[in-house]
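Written below as structure tokens is the structure these notes are about.
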Amino acid sequence: MKRLIILITLFSTIQSCEKKEKNMITQNSDINSKNIVEELTKHVRHYSSEKIYGFRYENFNCFIEIYINDRLCYKDFRDSKAGSSFDINHCIYKSGTQKLTYRMYPAINGSQNVAKFPESTYLTFQLETYDLKNESADDIVYQKYKTPVVISKDENGNKTEKFIATGREYYEESFEFEAQVAYQLENFENARDLRKLDSKVLEEKLVKQYNVLRDFYKNKEYDNIAKTSFNSLKDQFISEYAKKETIEATWNELMAFYKDPSLEMQPIENYKIVFFADGKLVALMQTTNENRLRGNTSLWAKVNHDGGLRPLFLNSYFYIPKGKTEFEIY
């Protein structure tokens, strides 16, 4: 009997150690849910000029994904005939030449998917800035862009234009623009090119890591959530020149979702491996065609919000710093 008790105790200890090892996070070891606001605030600097860059856009008969410097910066799968704007500082690492890549998908009648682009499809961009230290000044427009067209003439010489990708199922193009920012973020130049890893090994590691993250949210491990959220939040707040009140309000809002008893983590499934930042970042992206879910990673939940269960996206990406072998979370 004594031997049986010892064996049971030993087995329980092994299980406990395995669980601890599985959920052990080595990055940002000094960060927890109580000090994250103070630690994030320490990294933000303020300047005499604090420019925020953004694009105003108009899309017609299409859904869009927008990448800045090969980072997914914005998406619109809600309305195929719309116009809006989005800020891009969090995707700008430093001053100089930046690259915007847009991806277009056919859609008409508001939110209805269709197979191919109609002739009337187009997408326009207008690069603008405003300065947080001079909010009374007018926005400055730097650059305008419109998707290319094919021009044809009838027998009477009348010109007609149609979208260059008419009849196609997908269109992608890029253009460059200049941006001058006061800050400088640590980009992923010193990270390993994950495209060079064996795809099966990479997938296995990613699935394992996403499930570890999923357990953090499911089990309400707020300190581990803080550790794994810190890197991306830090860059976001640095690039936005955020004040402590903003950082605190944002973290409290996130925590309200994480603590909500209705939070229901979804399984890691129906995904594909997608690389970002020239192969330095990787994610398991959802393969669904459901418009409210498209363009997000496979880490997500359902939570009671605005009178019903809504998707909550916990988008997380992974990279491996040079000289290391294990993932860090971004």
Side-chain angles (χ1 to χ4, degrees), residues 11 13-29 31 65 67-73 75 90-91 93 99 101 103 170 172 185-219 221 223-235 265-290 293-301 311-330:
F11 180 70
T13 303
I14 291 171
Q15 279 191 316
S16 176
C17 289
E18 285 177 348
K19 184 176 181 182
K20 184 177 181 182
E21 182 180 356
K22 175 186 174 185
N23 292 340
M24 186 177 293
I25 291 296
T26 58
Q27 71 180 80
N28 304 317
S29 58
I31 302 299
E65 288 179 327
Y67 296 76
I68 305 291
N69 299 321
D70 204 27
R71 290 265 310 281
L72 181 57
C73 194
K75 57 185 180 296
H90 62 289
C91 291
Y93 302 117
K99 182 180 179 181
T101 299
R103 297 176 180 175
Y170 172 78
E172 176 179 328
L185 303 180
E186 294 181 17
N187 59 22
F188 299 96
E189 289 180 356
N190 293 322
R192 295 174 59 183
D193 187 342
L194 301 173
R195 296 169 296 189
K196 297 179 180 179
L197 299 182
D198 179 271
S199 59
K200 289 185 178 180
V201 173
L202 179 62
E203 181 179 356
E204 289 175 0
K205 288 171 70 74
L206 282 172
V207 171
K208 179 181 178 182
Q209 289 298 315
Y210 271 105
N211 277 302
V212 168
L213 283 178
R214 180 178 178 273
D215 286 347
F216 289 164
Y217 291 95
K218 181 180 179 180
N219 299 329
E221 298 180 38
D223 287 344
N224 278 334
I225 292 172
K227 287 175 172 59
T228 55
S229 302
F230 186 81
N231 289 356
S232 59
L233 287 176
K234 174 170 64 71
D235 282 358
M265 295 303 299
Q266 301 303 298
I268 307 299
E269 60 184 11
N270 301 322
Y271 58 77
K272 60 181 177 180
I273 295 176
V274 179
F275 297 98
F276 303 90
D278 298 320
K280 307 300 179 64
L281 279 178
V282 68
L284 296 180
M285 302 297 292
Q286 296 192 37
T287 56
T288 179
N289 286 324
E290 187 177 347
L293 303 179
R294 293 172 69 179
N296 291 286
T297 74
S298 58
L299 186 69
W300 68 292
L312 175 65
F313 302 111
L314 307 165
N315 291 326
S316 296
Y317 303 80
F318 292 84
Y319 68 103
I320 301 178
K322 285 184 179 178
K324 296 186 178 181
T325 58
E326 297 303 319
F327 280 125
E328 292 197 5
I329 302 153
Y330 187 80

Should we count CD of E189 as having more than 12 external heavy atoms under 6.0 Å? no
Could you pull out all residues at least two apart from [X] that satisfy ring pair (Phe, Tyr, Trp, His ring centres under 6.0 Å)?
{"X": "F188", "answer": "Y319, Y330"}
{"X": "Y93", "answer": "none"}
{"X": "Y67", "answer": "none"}
{"X": "Y170", "answer": "Y105"}

For [X], all residues meeting side-chain contact (heavy atoms from CB on, under 4.5 Å), sequence neighbours excluded:
{"X": "C91", "answer": "I68, R71, C73"}
{"X": "K205", "answer": "V201, E326, F327"}
{"X": "D193", "answer": "R195, K196, K280"}

Step-by-step side chain to side chain contact (heavy atoms under 4.5 Å, CB included) determination, N315 to W300: CA-CA 7 Å; N315 291 326; W300 68 292; over 6 Å; no
Which pair of non-hydrogen atoms, one from [X] and one from [Y], has the smallest distance, and what is that distance?
{"X": "M265", "Y": "R214", "answer": "O-NH2, 3.6 Å"}
{"X": "T297", "Y": "A283", "answer": "CG2-CB, 4.1 Å"}
{"X": "M285", "Y": "L72", "answer": "CE-CD2, 4.3 Å"}
{"X": "N296", "Y": "L293", "answer": "ND2-O, 3.1 Å"}

Set of side-chain hydrogen bond (donor to acceptor under 3.5 Å, both in side chains) partners for S316, sequence neighbours left out: none
Residues in side-chain hydrogen bond (donor to acceptor under 3.5 Å, both in side chains) with D223, at least two apart? S33
Heavy-atom side-chain contact between [X] and [Y] under 4.5 Å:
{"X": "T101", "Y": "E172", "answer": "yes"}
{"X": "V282", "Y": "V274", "answer": "no"}
{"X": "N231", "Y": "I329", "answer": "no"}
{"X": "N187", "Y": "N69", "answer": "no"}
{"X": "Q286", "Y": "F313", "answer": "yes"}
{"X": "L213", "Y": "F318", "answer": "yes"}

The salt bridge (Lys or Arg N to Asp or Glu O under 4.0 Å) partners of E186 (sequence neighbours excluded) come to none
Sequence neighbours excluded, which residues qualify as salt bridge (Lys or Arg N to Asp or Glu O under 4.0 Å) partners of E65? none
Worked check of side chain to side chain contact (heavy atoms under 4.5 Å, CB included) between I268 and L299: CA-CA 7 Å; I268 307 299; L299 186 69; 4.3 Å; yes
Ring pair (Phe, Tyr, Trp, His ring centres under 6.0 Å) partner of Y317, chosen from F275, F276, Y210: F276
Spacing of [atom1] belonging to [X] relative to [atom2] belonging to [Y], to within rounding of 0.5 Å:
{"X": "L202", "Y": "K200", "atom1": "CG", "atom2": "NZ", "result": "13.0 Å"}
{"X": "N224", "Y": "N219", "atom1": "CG", "atom2": "CG", "result": "10.0 Å"}
{"X": "R192", "Y": "T325", "atom1": "CZ", "atom2": "OG1", "result": "7.0 Å"}
{"X": "I31", "Y": "I225", "atom1": "CD1", "atom2": "CD1", "result": "14.5 Å"}
{"X": "E328", "Y": "Q209", "atom1": "CD", "atom2": "CD", "result": "10.5 Å"}
{"X": "L281", "Y": "L194", "atom1": "CG", "atom2": "CG", "result": "8.0 Å"}

Not counting sequence neighbours, list each pair that qualifies as a side-chain hydrogen bond (donor to acceptor under 3.5 Å, both in side chains) and has a residue in residues 266-275. E203-Y271
